[in-house]
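These values consider heavy atoms only, across backbone and side chains, with no hydrogens, waters or symmetry-generated copies. These numbers were taken from a predicted model, which means no experiment stands behind them.
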Amino acid sequence: MRRVLAIVAVMALSVTACGGGSDGIVVTDARMGQPTGPNAAVYLTASNSGEQADRLIGASTDVAASVEIHESTMADDGTMGMQPVDGLDITAGGELTLEPGGYHLMLVDAERLDVGDMVEVTLNWEKAGDMTVDVEVVDPSETMDMGG
Amino acid sequence: MSFRSGKAIRLLALSLLLASLLVACQAGFASDELQGLVVDPPQPKPSFVLTDTEGMPFDFAAETEGKLALLYFGYTNCPDICPVHMAQIAEVFDQFPDVARNSVVVFVTIDPERDTPEKLRAFLDNFDSRFVGLTGTEEELGAAQDAANVPRAVKAGDGADYTMNHAAWVIAYAPDGLNYSIYPFGIRQSQWSNDLQILAGMD
């Protein structure tokens, strides 16, 4: 019995051991353009292999005063803007993509960082709770997926 | 629909994005055709004078005469779109110094309240110290946007962290002085490389 418990415990630990996963949500491609002004944007892809939907409701990091969730939008006249959103839903078995021109985590009052730096950002999921991910600082031209 | 229609821009930008997704993974994309949003008929260069980051007057038409001019209206608090455009252009300049030599990038702030000349300079120096930063009074900046045929930027949100809704496309004027194409957000690095080389030779 103890052996079974030990095995179960090890399995449970290993599910949460990886830096980017928690309760079925795995985060990949976490990146941000090197801050060139007061604010910077973090992009990532979240995949939810779990059986319940979830919602990204916030984030925090040591390298900025605060983090907000924003959506970039294009108006009828072609102009672009952005607005804060309360949260981003991810369905059970679904994906949530934060990318340039779409959703992003906006780091307000970001520190100066170098390309190649790895920064920790803690994501707050409504159900899964806090998840800390490593975000790579890249040249802004490389933040777009398959930017070549 | 004339190209001036915002709806046209939106539709074309969306279809361009869709088309670019199909070819996005090709490295070293090259073509004889411009990949940006083609402007038909080509438009003349606007005439306006604003103030550069050294406090000197900058006459856009005169200073870019005979050169490939890339004009953009943005702001430094912008976390993604503005830096991506500037970084992609800077990347092309790094790879093709000949193109860089006969080009001028002009970044006009539409947020003069927060974008001091010092802040503009520091922002642009992240990409290329040759990029020109321009500012001015609200009236001058409004007139410049009108002359360049872009909708005037407007403030959104309250408090110190307001954002700007602005025309997020780069306007390219070939050395012959005409605007043949514009570059909305979503243009790929390879498309910039392709187009800047073509435009640099149009004199």
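A donor-acceptor distance shorter than 3.5 angstrom exists from the side chain of A:Asn39 to the backbone of B:Asn77, with no hydrogens or angles considered.
The environment of CD in A:Glu120 is sparse: at most 12 heavy-atom neighbours from other residues, nucleotides or ligands sit within 6.0 Å. Other residues, nucleotides and ligands contribute more than 12 heavy atoms inside 6.0 Å of the CE atom of A:Met118. Residue A:Tyr103 places its OH atom among 12 or fewer non-hydrogen atoms of other residues, nucleotides or ligands, all under 6.0 Å distant. For B:Gln95, the CD atom sits in a packed shell: over 12 heavy atoms of surrounding residues, nucleotides or ligands are nearer than 6.0 Å.
When all heavy atoms are compared, the tightest approach of A:Pro140 to B:Pro83 is CB-O, 3.8 Å. B:Asp80 approaches A:Gly101 most closely through the heavy-atom pair OD2-N, 3.4 Å. When all heavy atoms are compared, the tightest approach of A:Gly81 to B:Asn165 is CA-OD1, 3.1 Å.
Scanning residues 114-127 of chain B against chain A with a 4.5 Å non-hydrogen threshold yields B:Lys119, B:Phe123, B:Asn126, B:Phe127, sorted by number.
For B:Trp192, no part lies near chain A; criterion is any non-hydrogen pair under 4.5 Å. With a 4.5 angstrom heavy-atom cutoff, A:Ala75 touches chain B only via backbone atoms.
Here the CD-CG distance, from A:Glu68 to B:Asp161, works out to 6.0 Å after rounding to the nearest 0.5 Å. Taken from OG1 in A:Thr36 to CE in B:Met86, the straight-line distance is 10.5 Å, to the nearest 0.5 Å. Summarising the geometry, atom CD belonging to B:Gln189 is positioned 9.5 Å from atom CE belonging to A:Met144; distances are rounded to the nearest 0.5 Å. In this structure, the separation between OG on A:Ser72 and CZ on B:Phe185 is 7.0 Å, given to the nearest 0.5 Å. Distance check, rounded to the nearest 0.5 Å: CG of A:Asp77 to CZ of B:Arg152 gives 13.5 Å. To the nearest 0.5 Å, the span separating CE on A:Met106 from OG1 on B:Thr163 amounts to 7.5 Å.
Paired with A:Ser141 under the rule side chain to side chain contact (heavy atoms under 4.5 Å, CB included), one option of B:Gln88, B:Arg188, B:His85 passes, and it is B:Gln88.
The shortest distance between side-chain heavy atoms of B:Thr76 and A:Pro38 falls below 4.5 Å.
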